[in-house]
Number of protein chains: 2
Amino acid sequence: MSSRKTATIRDVAEAAGVSIATVSKFINRQQSFSASVEEKLRSAIAELGYSQNPAARSMVTGKTTAIGLAVMDIANPHYANVMKGANRVALANDYNLLVVDLEEKGTGVREMLEPLALRTDGLIVSSRIPADVVDWLAGLNKPVVFLGQPERQGVVCVGMDSVEVASLLAGYLVQQGFTRIGYVGYGRAAWNAERLRGLHDVLDAAGVELMEFDAEAPTSEAGEQVAARVLLRPDRPQAVIGCNDLVAIGFMTEARSLGFKIPQDVAVAGIDNIPTSRYVSPSLTTVDVFSEATGETVMTRIISMIGDEASRKLSPPPSLKPLLVVRESAKRQDRIAATEV
Amino acid sequence: MSSRKTATIRDVAEAAGVSIATVSKFINRQQSFSASVEEKLRSAIAELGYSQNPAARSMVTGKTTAIGLAVMDIANPHYANVMKGANRVALANDYNLLVVDLEEKGTGVREMLEPLALRTDGLIVSSRIPADVVDWLAGLNKPVVFLGQPERQGVVCVGMDSVEVASLLAGYLVQQGFTRIGYVGYGRAAWNAERLRGLHDVLDAAGVELMEFDAEAPTSEAGEQVAARVLLRPDRPQAVIGCNDLVAIGFMTEARSLGFKIPQDVAVAGIDNIPTSRYVSPSLTTVDVFSEATGETVMTRIISMIGDEASRKLSPPPSLKPLLVVRESAKRQDRIAATEV
DNA sequence: CTGAAAGCGCTAACAG
DNA sequence: CTGTTAGCGCTTTCAG
């Protein structure tokens with residue numbers, strides 16, 4: 001049986017025979033109390049099943065104890081794991097998580113973000129936000145952290161350095177002896193330019209040719225679609241990097257059904273190290289970007305920014321380093337087997 | 001440049017030369033206005049960049065225009081897609097989504113749900129909630145919908161009928177001619193018993209033996225772990241059903257590294273039809289539970305319950321039907337001789 | 001069509 | 001240690 005109306009602080013005060021101020025202080029652990037009062041308070045609260053009305057509280061404090069998280073695609077395992085990490089530290093700090101899936105949209109983003117901004121103490125936003133929205137966010141008077149966005153002046157970012165991520169993979173492929181490498185990017189992503197830069201840094205220095213392709217979306221379906229275009233040409237690349245594991249996996253699947261053996265006929269690598277990458281055949285060589293840890297880091301960061309104005313503009317500690325994960329999909333096996341072109 | 005303090009309804013009223021009541025009615029489209037007032041209001045609001053304070057609003061209305069969604073594991077693609085669907089219809093109806101990842105925990109669930117309950121107009125909760133928490137939720141005075149939970153009296157549930165899902169798969173396997181089938185379940189899940197019932201319904205009738213196993217968790221890692229136990233025994237099953245695609249995929253991978261060919265040596269099937277199931281090798285036969293549509297349905301449902309007391313107890317329309325997705329992993333190829341490797 | 005006034009439940013000084 | 005009081009920003013009767 002639950003009471004008709006939910007109990008308010010006044011009900012508790014009355015039941016305990018104290019003032020509402022006392023109840024408030026008790027709930028918020030702001031001071032100590034005489035044993036008798038404390039006991040009465042405790043039982044009154046239990047009796048009535050009282051709990052604070054967050055709206056009322058936030059009206060006066062101006063804080064919501066909620067954080068907003070906006071990601072490009074909730075169903076992308078990378079983002080799902082970022083959320084997982086973010087959720088964990090939010091809960092540990094008594095924050096609630098408001099989530100919005102941007103669904104890879106480029107327009108109407110501000111409209112989706114605005115309600116979030118109003119209801120939270122801070123925002124975590126993933127890449128590809130139009131410049132005017134970035135400005136709006138900056139003028140919001142709340143901490144905002146960008147995810148996987150190249151550093152810009154005046155905005156705090158968390159995530160791997162895209163240049164480094166790409167270089168890592170390029171270095172491995174060069175070391176394997178590939179001399180013509182394809183990159184299936186996603187031009188509309190904020191990190192795409194940096195990825196290309198990282199690739200070129202290494203590949204140009206090694207005298208390795210880079211062929212650039214673009215996927216329609218950062219998804220497996222798009223990876224499938226692009227495969228024929230990449231592979232059915234005389235100068236096809238010996239190795240292909242997908243801009244994320246999803247694209248790489250789709251690409252790999254379609255490549256196989258086109259009759260290519262992986263990695264013998266064409267090597268494939270991805271980025272992110274989503275859980276699935278271990279389970280495809282061949283297992284996918286990729287770069288671990290520590291999605292879950294990224295989520296934890298970004299949430300930790302924003303919570304500290306909320307408490308401390310001073311920390312709002314500090315650069316994040318360069319704690320997260322990408323890690324190359326060597327598996328089967330990108331080994332140059334033809335060096336120890338048959339040699340095809 | 002943003003103003004120092006965010007504008008309130010009073011600022012707008014003053015700037016427009018009207019009362020705050022008028023502003024309020026204007027914002028909430030509660031009536032029509034004289035052209036002059038309307039124009040002044042419009043420009044004042046734009047000028048000041050005013051937007052409603054949701055906390056203040058909800059203080060008086062008692063509504064939050066937010067919905068809580070609690071799932072067992074955010075990183076499970078099934079749940080991620082449920083969230084995607086839920087997010088979409090929430091946004092379309094001007095609701096915000098509060099998310100909490102239960103992380104497959106069995107304890108402390110109420111503590112995680114309580115803040116959500118206080119901040120939302122309704123809750124969507126996925127399975128395996130302890131009975132006392134269910135009671136608490138029921139006494140909450142807010143609509144609550146359970147996800148993937150067997151129907152109980154007095155609670156609204158959305159999701160596939162687990163019995164049907166399991167039967168569908170069992171039927172297919174029987175038709176393929178398998179006579180000894182294994183099921184890798186997850187005993188702690190709310191749906192496990194119904195799955196078993198669905199399996200037995202069909203298998204017993206067909207005189208097919210069912211061997212039951214239990215995974216440590218509904219994850220790929222657990223699927224890998226259990227594989228040896230299932231396969232390295234004289235009476236190993238000819239076909240194995242994972243309680244979800246994640247488990248099935250892990251199982252399949254480990255089975256292969258144990259030297260089993262799939263489906264020649266052992267057939268494998270999963271449940272959910274997560275996106276990845278198409279991309280593993282061999283592609284995974286599974287049952288589509290329409291995760292994203294489930295999310296849309298459950299959100300639609302709860303929003304209608306919020307507006308309409310009467311609909312709170314109605315049974316949901318049996319709209320969502322599971323669909324068998326036949327792929328490569330569970331074909332009985334030995335009947336037509338294994339032609340390919 | 002417009003406005004005045006009464007709170008929603010709570011916290012934060014300030015007194016005692 | 002405990003209580004009084006003044007709002008936080010907004011919606012909602014109820015008058016005009």
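Every chain is numbered from 1 and lettered A, B, ... according to where its sequence line falls, protein lines coming before strand lines. Bear in mind that the values here come from a model prediction, so they are computed numbers and not experimental data.
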Worksheet item: A/Arg10 has an atom CZ; how far is it from atom P of C/dG7, in whole Å?
Response: 11 Å
Item to complete: With rounding to the nearest 0.5 Å, note down the distance linking CZ in B/Phe290 to CG in B/Asn81.
Response: 12.5 Å
Worksheet item: What do the steps show when you test B/Asn93 against B/Met299 for side-chain contact (heavy atoms from CB on, under 4.5 Å), and what is the final call?
Response: CA-CA 10 Å; B/Asn93 289 274; B/Met299 184 55 77; over 6 Å; no
Worksheet, complete the sentence: Rounded to whole Å, the CD1-P distance (A/Ile45 to C/dG9) equals 16 Å
Discussion item. Any carboxylate oxygen within less than 4.0 angstrom of a Lys/Arg side-chain nitrogen, looking at B/Arg10 and B/Glu14?
Written reply: no
Worksheet, complete the sentence: When rounded to whole Å, the CE to C1' distance for the pair A/Met59 and D/dT11 reads 12 Å
Worksheet entry | Interatomic distance, B/Gln52 CD vs D/dC8 P [rounded to whole Å] | 18 Å
Discussion item. With a 4.0 Å limit, can you tell me whether A/Thr8 has a side-chain N or O closer than that to the phosphate oxygens OP1/OP2 of C/dC8?
Written reply: no
Discussion item. Can you measure A/Glu38 atom CD to D/dT2 atom C1' for me and round it to whole angstrom units?
Written reply: 14 Å
Fill in: Rounded (10°) bend between the five-pair end axes of the helix from C/dC1-D/dG16 to C/dG16-D/dC1
30°
Worksheet, complete the sentence: Testing D/dT4, D/dC1, D/dT11 for proximity to the side chain of A/Ser34, the answer is D/dC1
Discussion item. Tell me which one of A/Val89, A/Asp94, A/Asn87 satisfies side chain to side chain contact (heavy atoms under 4.5 Å, CB included) with A/Leu91.
Written reply: A/Asn87
Worksheet item: Any side-chain donor-acceptor pair under 3.5 Å between B/Thr22 and B/Ser19?
Response: yes
Practice prompt. Kindly point out which of C/dG9, C/dT2, D/dT12 is positioned nearest to the side chain of B/Ser24?
Written response: D/dT12
Worksheet item: Can you check the B/Leu41 CG to C/dT2 C1' distance for me, whole Å?
Response: 11 Å
Worksheet item: Rounded to whole angstrom units, what separation is found between the CD1 atom of A/Ile27 and the P atom of C/dC10?
Response: 7 Å
Worksheet item: What is the nucleic acid contact for A/Val23, judged by heavy atoms within less than 4.0 Å: base, sugar-phosphate only, or nothing?
Response: nothing
Response to the item:
Assert: residue with more 5' nearest nucleotide on DNA chain D, out of A/Ile20 and A/Val37, is A/Val37
Worksheet entry | Below 4.0 Å: OP1/OP2 of C/dG3 and any side-chain N or O of B/Thr22 | yes
Fill in: Qualifying residue for side chain to side chain contact (heavy atoms under 4.5 Å, CB included) with A/Ser24, from A/Ile20, A/Asn28, A/Ile27
A/Asn28
Show the atom names and distances, to 0.1 Å, of all donor-acceptor pairs under 3.5 Å that link a side chain in residues 65-77 of chain A to residues at least two apart or in another chain.
{"unit_1": "A/Thr65", "atom_1": "OG1", "unit_2": "B/Arg119", "atom_2": "NH2", "d": "2.4"}
{"unit_1": "A/Asp73", "atom_1": "OD1", "unit_2": "A/Ala75", "atom_2": "N", "d": "3.0"}
{"unit_1": "A/Asp73", "atom_1": "OD1", "unit_2": "B/Lys84", "atom_2": "NZ", "d": "3.0"}
{"unit_1": "A/Asn76", "atom_1": "OD1", "unit_2": "A/His78", "atom_2": "N", "d": "2.8"}

Response to the item:
Regarding the side chain of B/Ile9, the nearest nucleotide among C/dC10, D/dT12, D/dT11 is D/dT11
Discussion item. From C-beta outward on A/Lys25, which listed nucleotide comes closest to its side chain: C/dG9, D/dT11, C/dA13?
Written reply: C/dA13
Discussion item. Nearest to the B/Val60 side chain among C/dC8, D/dC8, D/dT2, which nucleotide is it?
Written reply: C/dC8
Item to complete: Would you please confirm or rule out a distance under 4.0 Å between OP1 or OP2 of D/dC8 and any side-chain N or O of B/Asn53?
Response: no
Worksheet item: What is the distance from CZ of A/Phe26 to P of C/dA12, rounded to the nearest Å?
Response: 17 Å
Worksheet item: C/dA12 phosphate, OP1 or OP2: any side-chain N/O from A/Thr61 under 4.0 angstrom?
Response: no
Worksheet item: Between B/Arg88 and B/Glu292, is there a salt bridge with N-O shorter than 4.0 Å?
Response: yes
Item to complete: Scan B/Tyr50 against the nucleic acid and name what it touches under 4.0 Å (heavy atoms): base, sugar-phosphate only, or nothing.
Response: sugar-phosphate
